[in-house]
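The first residue of the sequence shown is numbered 1, and numbering continues consecutively from there. Bear in mind the structure is a predicted one, so any value in this text is a computation, not a measurement. What you see below is based on every heavy atom in this structure, not just the backbone, and it leaves out hydrogens, waters and symmetry mates.
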Amino acid sequence: MLHDVPDLPQGRRAYCLRCNHMLVSGRHTSLDRTLATGFAIAILIVFALFFPFLSIEELGFSNTTTLLGVAAAFLDGWLIPLTLAVTASIVAIPLIRVALLIYALFPIWRGRPPAPHAARAFRWSEALRPWSMAEIFVLGAAVALVKVADLATIGFGPAFWAFCAAVFIIAFERQITDAASIWSMLDNEP
C-alpha cells in the first residue's frame with residue numbers, strides 16, 4: 001500500500017492502514033542509535049578479525065586461530081569460491097554496510113547537509129542488509145562446536161565473544177533503524 005506520510009512531530013507515529021506496521025516514528029533519537037550501533041558493529045568486527053577467535057586442545061596439542069584464520073583454513077582447491085563467499089557474507093558485507101550507513105548519516109547527525117551521494121550510500125546499505133549473514137555463521141559455528149566438544153577441549157577467545165556481540169547489535173540495529181525518517185532527512189541532499 002502506498003502512503004504519503006508528512007514529517008511527524010516528536011513522539012508521533014504513522015502506521016500502515018492495511019497491516020498496522022509502524023512506518024515512521026517521528027523520533028530523532030533513531031539517528032543517534034543507528035549511528036552508535038553502526039560504529040559498535042564496525043569496531044567489534046574489526047576486533048574479531050585480529051584477536052584469538054577459537055582454541056582447540058586435545059592430547060596436549062593446541063591450536064588457536066583468528067576469524068581470518070578460520071576462513072583461510074578452507075582456502076584450498078574447489079573450496080576457494082565458497083570460502084570467499086562465506087568470508088564476504090560474514091565480514092566484508094557487514095563492514096561495507098555499516099561504512100555506507102555511517103557515511104550517509106554522520107554529516108546529518110553533526111547538523112550538516114548530507115554528504116555527496118548519501119542517498120545512494122544509504123540505498124546500498126539497505127540493499128546489502130539481507131546479504132549480511134553474520135548471525136548465520138554464529139549459528140553454524142555453535143552447531144559445529146557442540147559436535148566437536150566431545151572430542152576436544154574448546155576455548156572461546158575474545159574475538160568469538162566480540163563477534164557474537166556484533167551479531168546481537170546487528171539485529172538490534174535492524175530493529176531501531178527508522179528508514180523512512182532517514183529518507184526524509186536525505187531528501188535535502190544537494
Handout entry: Side-chain heavy-atom pair E173, R129 within 4.5 angstrom cut-off
Key = yes
Practice task
Give, for atom CD1 of I45 and atom CD1 of I93, the distance between the pair rounded to the nearest 0.5 Å.
Solution key: 11.0 Å
Practice task
Would you indicate whether the side-chain heavy atoms of I102 and L35 approach each other to under 4.5 Å?
Solution key: yes
Problem - Check: F122 and L101 side chains under 4.5 Å, non-hydrogen atoms - result: yes
Practice task
Examine L49 and I43 and state if one hydrophobic cluster contains both, with Ile, Leu, Val, Met, Phe, Trp and Tyr joined whenever side-chain heavy atoms are less than 4.5 Å apart.
Solution key: no
Exercise for the section: Side-chain contact test, heavy atoms from C-beta onward, threshold under 4.5 Å: evaluate it for F47 versus P158 and give yes or no. Expected result: yes
Problem - Transitive ILVMFWY side-chain link F50 to V167, under 4.5 Å - result: yes
Problem - Close side-chain approach of I90 and F163, heavy atoms under 4.5 Å - result: yes
Practice task
Heavy atoms only: give me the nearest P94-I170 pair and the separation to one decimal.
Solution key: CB-CD1, 4.4 Å
Completion exercise
In short, A121 meets A104 closest at the heavy-atom pair CB-CB, 4.3 Å
Exercise for the section: Could you tell me the separation between the CD1 atom of I176 and the CD1 atom of I169, rounded to the nearest 0.5 Å? Expected result: 10.0 Å
Problem - Flag side-chain contact, heavy atom, 4.5 Å: F39 against V98 - result: no
Problem - Test item: P116 and Y103 side chains (from C-beta on) under 4.5 Å apart, heavy atoms - result: yes
Completion exercise
d(F51 CZ, L67 CG) to nearest 0.5 Å is 13.0 Å
Completion exercise
To the nearest 0.5 Å, atom OG1 of T37 lies from atom CG of L44 at 11.0 Å
Handout entry: Linked, directly or transitively: F168 and F53 (ILVMFWY side chains, under 4.5 Å)
Key = no
Exercise for the section: Would you indicate whether the side-chain heavy atoms of I182 and I108 approach each other to under 4.5 Å? Expected result: no
